[in-house]
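Presented below is the structure to which this report refers.
Protein chains get the first letters and strands the later ones, always in sequence-line order, with residue 1 at the start of each.
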Amino acid sequence: MFSSAGFAKTWQYIQLFKEGLICTLSLSALTVFFGFILALMLALMRMSKIKPLSWFATAYVELFRATPMLVQLFIIYYVVFAKASLPNFKLFGFIRFERFFPGVVALSMNSGAYLSEIIRAGIQSIDHGQTEAARSLGLSSRQTLTEIILPQAIKNILPAIANEFVTIIKESSICYTIGVQEIMYAVATTKGATYRIAEPLLIATAVYFCLTFPTSKIIAYFERRMSRGDKR
Amino acid sequence: MATRDEIIKVNNLCKYYYNGELKALDDVSYSINKGDVVVVIGPSGSGKSTFLRCLNLLEVPTSGEVIFNGVDITKKYHIDKDGKKVRQNIDIHRRGMGMVFQHFNLFPHKTVLDNMTLAPIKVKKMDKKKAESKALKLLGRVGLKDRATAYPIQLSGGQKQRVAIVRALMMEPQVMLFDEPTSALDPEMVGEVLAVIKELAESGMTMVVVTHEMAFAREVGNKIVFMDSGKIVEEGSPEQIFDNPQSPRLKDFLGKVL
């Protein structure tokens with residue numbers, strides 16, 4: 001299964017794993033960023049009094065949650081961006097933008113659907129008295145949202161957003177199927193070059209674990225600290 | 001026609017729930033003049049709070065009119081003094097009516113000072129420095145100047161409610177609405193909050209107070225309204241209501257609470 005010769009061979013390609021790590025992190029960070037913006041819009045649309053907006057957001061969320069990520073990714077890459085000629089420059093000198101970008105779009109659209117439900121729950125968890133107090137002071141509904149509701153809601157759901165980041169780090173591995181050079185792509189390339197699979201996979205496992213495990217521990221720590229401050 | 005001193009006039013106000021199965025307000029009409037301290041009493045579920053909340057449209061009435069400064073604020077449009085039809089902006093009317101809630105509803109993510117200055121800065125575009133000095137002055141009036149930088153979580157219930165009162169006063173409202181302001185307080189803190197409300201009444205502020213504190217109602221109110229089952233059953237001066245009640249329902253109620 002594992003052999004020292006195998007590790008020696010794999011180690012020659014360690015640069016690919018370093019690049020894969022940078023790629024995975026950029027992919028995940030951009031996904032959380034754009035996914036969050038999309039999610040905020042979807043959540044507000046879903047709670048909107050304007051029915052078509054609410055219907056659209058609901059349909060979007062249900063569609064993206066009910067279909068496999070892989071299907072969504074392929075549709076975005078092979079269908080939506082089929083005709084689009086994206087600039088083919090390289091991020092950090094090695095990430096191929098024309099593959100990376102559709103990956104970010106697909107992951108963000110998927111993550112946006114899940115995050116929007118988290119945001120919606122966060123907004124709905126704020127006591128209605130807060131809205132009433134703000135409105136009774138003459139604040140508009142928009143000011144009430146931006147000054148009173150969102151700051152409290154987002155503070156409450158920060159741990160959930162951070163958890164989504166951990167989830168995306170793992171799920172972004174699917175982007176290797178469209179040739180984004182993240183960690184699993186490094187595994188595939190190394191395998192092709194060395195005919196070894198166990199050792200590259202072991203390295204990939206270690207890299208993913210080192211990314212996600214400390215992150216979720218840090219989140220749990222802040223979650224505990226933040227909830228302490230809220231006790232009445 | 002409205003009299004010169006009339007601030008709020010309520011005509012045939014109804015609020016129904018469940019398609020009319022529950023009549024929280026059933027054809028209520030009332031008139032509030034400048035300087036009035038109207039105290040609304042009655043059993044739980046009698047429609048007192050609904051009545052109060054309809055005055056600034058936190059609760060949208062099913063039918064009827066709420067005329068504030070001569071404008072029916074329940075309508076989508078009103079005719080201005082030049083005879084033009086303008087879209088109603090409830091936010092503007094609400095600035096003229098301060099409200100204090102049973103559960104304080106302070107903003108927990110903002111300090112006492114920020115709670116107070118938020119609306120003047122955002123809504124009235126008041127200068128931040130000016131708003132803060134005004135807030136500190138008001139905090140001094142209610143004995144909380146040293147708590148300006150505290151967060152609501154660090155305050156006692158009585159302190160929270162006093163902050164909520166001065167937060168509403170920051171907007172210089174023409175009318176103050178109190179929705180059971182002492183019902184969520186520990187008994188020993190009721191006094192400090194009632195003292196502030198009383199002082200406010202004595203300063204000439206027009207107020208509508210929904211309360212279960214009968215002694216307070218009698219002492220501070222100049223008009224008492226007794227509600228039951230969504231209707232105004234009896235209204236009058238404190239002496240009329242407390243010393244000489246007419247309706248059997250009010251007699252029964254007073255017999256239980258006094």
Could you grab the distance from atom [atom1] of [X] to atom [atom2] of [Y], nearest 0.5 Å is fine?
{"X": "A:Ser136", "Y": "B:Asp91", "atom1": "OG", "atom2": "CG", "result": "11.0 Å"}
{"X": "A:Leu139", "Y": "B:Leu118", "atom1": "CG", "atom2": "CG", "result": "5.0 Å"}
{"X": "A:Gln130", "Y": "B:His109", "atom1": "CD", "atom2": "NE2", "result": "7.5 Å"}

Given heavy-atom pairs under 4.5 angstrom as the criterion, report whether the side chain, backbone, both or neither of [X] touches chain A.
{"X": "B:Lys110", "value": "side chain"}
{"X": "B:Met171", "value": "side chain"}
{"X": "B:Ile90", "value": "side chain"}

Check against side chain to side chain contact (heavy atoms under 4.5 Å, CB included), B:Arg53 and A:Glu132
CA-CA 10 Å; B:Arg53 291 159 57 81; A:Glu132 293 191 337; 2.6 Å; yes
Would you say [X] has more than 12 foreign heavy atoms packed within less than 6.0 Å of its [atom1]?
{"X": "A:Lys90", "atom1": "NZ", "value": "no"}
{"X": "B:Asn19", "atom1": "CG", "value": "no"}
{"X": "A:Tyr176", "atom1": "OH", "value": "no"}
{"X": "B:Lys130", "atom1": "NZ", "value": "no"}
{"X": "A:Phe89", "atom1": "CZ", "value": "yes"}
{"X": "A:Phe33", "atom1": "CZ", "value": "no"}

Heavy-atom pair of closest approach, residues B:Arg95 and A:Leu137
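That closest heavy-atom pairing would be CG-O, 4.3 Å.
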Closest heavy-atom pair and its distance - A:Arg135, B:Arg94:
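Shortest heavy-atom separation between A:Arg135 and B:Arg94 comes out as O-CD, 3.0 Å.
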Side chain of A:Gln152, backbone of B:Phe107: donor and acceptor closer than 3.5 Å?
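Side chain of A:Gln152 to backbone of B:Phe107: no pair is present.
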